[in-house]
Amino acid sequence: MSADPRLLLADLLRTALASVAPDHAGVSITLERPKQASHGDFSTNLALQLAKPLRRSPRDLAALLMAELPASMLVAKVEIAGAGFINFTLATAAKTAVVGTVLAQGARFGRGADTGVKVLLEFVSANPTGPLHVGHGRGAAYGASLAAVMDFAGHAVSREYYVNDAGRQMDILALSTWLRYLALFGIEVPFPPNAYQGAYVVDMAGEMRSAHEARFAKCTAADVLAGVTDVAADKEAHLDGLIANAKRLLGQDYLWIHDFALTEQLGDCREDLEGFGVAFDTWFSEKSLFDTGLVARAVAELEKRGHIYVQDGAKWFRSSSFGDEKDRVVQRENGLFTYFASDIAYHLNKYERGFDRVIDIWGADHHGYIPRVRGAIAALGLPPEKLEVALVQFAVLYRNGQKAAMSTRSGEFVTLRDLRTDVGNDACRFFYVLRKSDQHLDFDLDLATSQSNENPVYYIQYAHARVCSVLAQWGGVARDLLDADAAQLASERELGLCARLAAFPEAVQSAAADYAPHQIAFYLKDLAGEFHSWYNAERMLVEDEAQMMARLALAAAVRQTLANGLALLGVSAPSSM
RNA sequence: GCGCCUGUAGCUCAGUGGAUAGAGCACUGGCCUCCGAAGCCAGGGGCCGCUGGUUCGAUUCCAGCCAGGCGCGCCA
C-alpha cells in the first residue's frame, strides 16, 4: 500500500475490480480531483466506463465496486454520486500529511523521480545580427521555463542555442558594420536600405576605430561600389555585390570583422539572456557543421540512400516522399549548401548525441518547416518521432493601443532589454508564460509598465512575502514547524490548501508532459488565491500553541511550494516587497 | 489556393469526454483599534462561433461551414 492517496485509491479500486469484473481487471483507473468540494477529494468514473461492456447500470456497478472496496485508515468516506461516480473523501490525517512532506522536502518538493530520459531542448537560436526583441523574449521565457519544468519532472534536460554564424545574414551584418566604420573615415558609401540600420552597428564601428584606427579603411567608396548592381535595380543583388567586394578588398580582415561582429552580438545576446534568467548548456555553432564536414556528410548520406536528385544544377532532397508538400534544394547551383542542408546536419548531430527526445522550439512562422526536417530524419533512417517541435506564436507588442513594429533590419524594434528594464524581469517572465505557447500573445506595454501592480505575478509574490512576514513576527525556528501537529488543521480552507499543495507534483508532471509551463503559472495563482483567502479568514499567531504551530507549518508549506513553482518560471520569491 | 493556430463573460484568457463551465480586469456594494488592503467577502454578467456526426454523456473528439491570425523562396 502506498502513502500517496491517489495510488492507494487505485490499489483499492483494482482489488474491488478484480472481484467484481475479473475480465476487466486490466482497465486503466483514472482518479481525478473533483472541482467541487462536495464531491470529495478524489473521484473515479470507473463504473461509467465499465457500464457498457458489462451491460449493467453505472450506479449498480458503482455499488458493487464499493461493496468490494477494502477498508483503509486513510479513507473517511466513499459515496456514489451523479451518474455513477465513486467519490472518495480522505481522512483528515491523509490530507494534512502533505504539510510535513513539503517542509521535509523543501526545495525538492514536487520534483519527480529520475526518469533517465535524456532531452535536448533547443530554443531562442536567434540570428546574432542584433539585439533580441520582444518576440525572442517569449521563446526564451517559454524554453527556459519548459526546460526547468521538465528537469524538475525528472528528465535529464540539455538546453541549447543554435548559433546561425554561417549564413548570408552574418555577411550582411559584417558589411553593415564595415560601411558604418568607413563612414567614420569619410568614405561615404550609400548605406543600403536592406542592411542593418540599428544604432548598435554604428557602435560596433566606433569600437573598431578605437581598437584598430584606420586598419580597415584602405580603400575608396568607388572600390567598394565597383561593379555592384545598382540598388534601384535589385537591392538584394546590390547587397551581395557589396559583400563580395568587401571580402575581396579586406581579405583576411573580412573574417576579422565578421567574427568581431558575431562575437559582439552573440555576447550581447548571451548577457541579455543571462540577465533574463535564461541559461544554456551549449551554444552550438552552425559553422562547425560545415567545418567538420557534417553538412556534406548528411547530404552524401541522403544521396547514398537514393533520396537526392539533380535538377537545374542543384541538388534536391526528395522530401515529398516523406510527407513534405514538395522537394527542397539542399545544395544550390553555385555549390553552396542551403540553410536546410545545415539544419539536416544539425539534427543528424542531435540524434548522434544520443538523446531520447529532441525538442525544437520554433517561432510559429516556421511551422511549414516541420515536414521537411522530419522527412530528412526519416530519410536518414532515424526515428522521426523522437523529434518534437513546439511552436511559439509571436508576441505582438502594443503601445498606445497600437502594434509596435519589430523588424530587426529596419532598426525599429522594441528590444527585450528595453522590455525588461521597463517591466522588470519577474513580470516579463511571468507575462510571457501566462499564455499557452501556441496562442498569440498581446503584450500591452502600457498596461505592463504603468499598472504593473495589477500584474498577477505580484499577487503570487505577495502571498510569499506575507508568509515570510508572519514567520518573522512569530520569530521561532523553522525546523520546529516539522514537529507541528497537522491534525490541528481542520477548517475547510485549511484542508483545501492541503489538497492544493498535494496537487503540486501532479501539476509539474502535467506541465512537463504537455510542454505547458503556463499550467504552473495558473497553479500558483490558484494556490496564492486560496492562501490569501485563508489568511483573511483566520489568524495564524493565536494563543493555542499547537494550533499556531500547525497553521504556521501550513503557511510555511505554502511559501515553500510557491517558491518552488516560481523558481520553475524564473520568477523571484521575495520575502518583502 | 494549400498548411498551421485560434473562436468560451463587456475585455484578456484558463479549463474539461462527466456532476452547477472558471479566473483576472472592468462594474456595484461591503471589510484595516486585528499576523502586510499589491489582500479578502458578496453581486450581476455565458446558444463555450454555426451545423451535423461519434458517444450512456460533447464546450471538449471528428467532419463541414463562418470569422480572425500566421506561414507557404536555390532567404535565414
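Sequence lines set the chain letters: A, B, ... in the order given, protein chains first and strands last, and positions in each chain run from 1.
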Under the criterion of centre distance below 5.5 Å and interplanar angle below 30°, is H518(A) classified as stacked on the base of rA14(B)? no
Which nucleotide, rC41(B), rA19(B), rG36(B), lies nearest any side-chain atom of H39(A)? rA19(B)
Separation of the P atoms in rC66(B) and rU51(B), to the nearest angstrom: 15 Å
Between R493(A) and E538(A) (salt bridge meaning N to carboxylate O under 4.0 Å), is one present in this structure? no
Between C1' of rG71(B) and CZ of R372(A), the distance in whole Å: 11 Å
Does the distance from a Lys or Arg side-chain N to an Asp or Glu carboxylate O, for D360(A) and K350(A), drop under 4.0 Å? yes
Parallel, tilted or perpendicular for Y346(A) and F284(A), by the 30°/60° rule? tilted
pair_partner(rC34(B)), Watson-Crick or wobble, both distances < 3.5 Å, evaluates to none
Nucleotide of rC13(B), rC70(B), rG36(B) approaching R435(A) most closely (side-chain heavy atoms): rC13(B)
Using a cut-off of less than 4.0 Å, is there contact between a side-chain N or O of R332(A) and OP1 or OP2 of rC75(B)? yes
Rounded to whole angstrom, note down the P distance from rA37(B) over to rC31(B). 15 Å
Nearest to the side chain of L391(A), heavy atoms from C-beta on, is which of rA76(B), rC5(B), rC4(B)? rC4(B)
Among rG39(B), rA76(B), rG18(B), the one nearest N536(A) by side-chain distance: rG39(B)
Within the supplied structure, the quantity of interest is the number of heavy atoms (other residues, nucleotides, ligands) at a distance under 6.0 Å from E385(A) CD; does it exceed 12? yes
L541(A) has a side chain; which of rC40(B), rC35(B), rC70(B) sits nearest to it? rC35(B)
Nearest whole Å is fine: how far is rA37(B) C1' from M577(A) CE? 13 Å
Should the pair H518(A) and F522(A) be assigned to parallel (<30°), tilted (30 to 60°) or perpendicular (>60°) ring geometry? perpendicular
Just label rC32(B) as syn or anti from its O4'-C1'-N9-C4 or O4'-C1'-N1-C2 angle, using within 90° of 0 for syn. syn
Suppose you measure atom P in rG22(B) against the same atom in rA63(B); what distance do you get, rounded to whole Å? 29 Å
What do you reckon, are the aromatic ring centroids of F504(A) and Y523(A) less than 6.0 Å apart? yes
Would you check if F85(A) stacks with the base of rA19(B), given a 5.5 Å centroid limit and a 30° plane limit, both strict? yes
Using a 6.0 Å distance limit plus a 45 degree cone around the ring axis, check whether R466(A) lies over the aromatic ring of F531(A). no
Ignoring hydrogens and angles, does a donor from either the side chain of T129(A) or the base of rA76(B) sit under 3.5 Å from an acceptor on the other? no
5′-ward residue of the pair L441(A)/S469(A) relative to RNA chain B: L441(A)
Between rG73(B) atom C1' and Y369(A) atom OH, what is the distance in whole Å? 11 Å
For the pair made of CD in Q393(A) and C1' in rC70(B), what is the distance, rounded to whole Å? 6 Å
For A364(A), report the nucleic acid contact type (base, sugar-phosphate, nothing); a contact means any heavy atom under 4.0 Å. nothing
On the side chain of H532(A), is there an atom forming a donor-acceptor pair with the base of rA38(B) - under 3.5 Å, no angle test? no
What is the separation between atom CG on D240(A) and atom C1' on rA76(B), rounded to the nearest whole Å? 13 Å
According to a strict under-4.0 Å criterion, is S43(A) in side-chain N/O contact with OP1 or OP2 of rA19(B)? no
Separation of rG15(B) C1' from Y523(A) OH (nearest whole Å): 17 Å
R559(A) has an atom CZ; how far is it from atom P of rC35(B), in whole Å? 19 Å
Among rC74(B), rC72(B), rC35(B), the nucleotide that comes nearest once only the side chain of E325(A) is considered: rC72(B)
Return the nearest nucleotide to the side chain of K436(A); candidates are rG15(B), rC75(B), rA23(B). rG15(B)
Side-chain N or O of R466(A) closer than 4.0 Å to phosphate OP1/OP2 of rA38(B): no
Distance check, C1' atoms only: rA9(B) and rC13(B), in whole angstrom units. 11 Å
Does any N or O donor sit under 3.5 Å from an N or O acceptor when you compare the side chain of H367(A) with the base of rG3(B)? yes
Between Y458(A) and rA37(B), does any side-chain N or O lie under 4.0 Å from OP1 or OP2? no
Between rC11(B) and rC50(B), how many Å separate the two C1' atoms, rounded to a whole number? 23 Å
Heavy atoms from C-beta onward define the side chain here; which of rC72(B), rA14(B), rA76(B) lies closest to that of F522(A)? rA14(B)
Whole-Å P distance, rG49(B) and rA21(B): 15 Å
Could you tell me how far apart K525(A) (NZ) and rA38(B) (P) are, to the nearest whole angstrom? 19 Å
May I ask you to evaluate whether Q49(A) reaches the phosphate of rC56(B), defined as a side-chain N or O under 4.0 Å from OP1 or OP2? no
Look at the aromatic rings of F290(A) and F337(A) and report parallel, tilted or perpendicular, splitting at 30° and 60°. tilted
Taking atom P in both rG17(B) and rG7(B), what distance in whole Å separates the two? 15 Å
Could you tell me the Watson-Crick or G-U partner of rG71(B), where both distances fall under 3.5 Å? Say none if there is no partner. rC2(B)
Donor-acceptor pair under 3.5 Å, N87(A) side chain vs rA19(B) base: yes
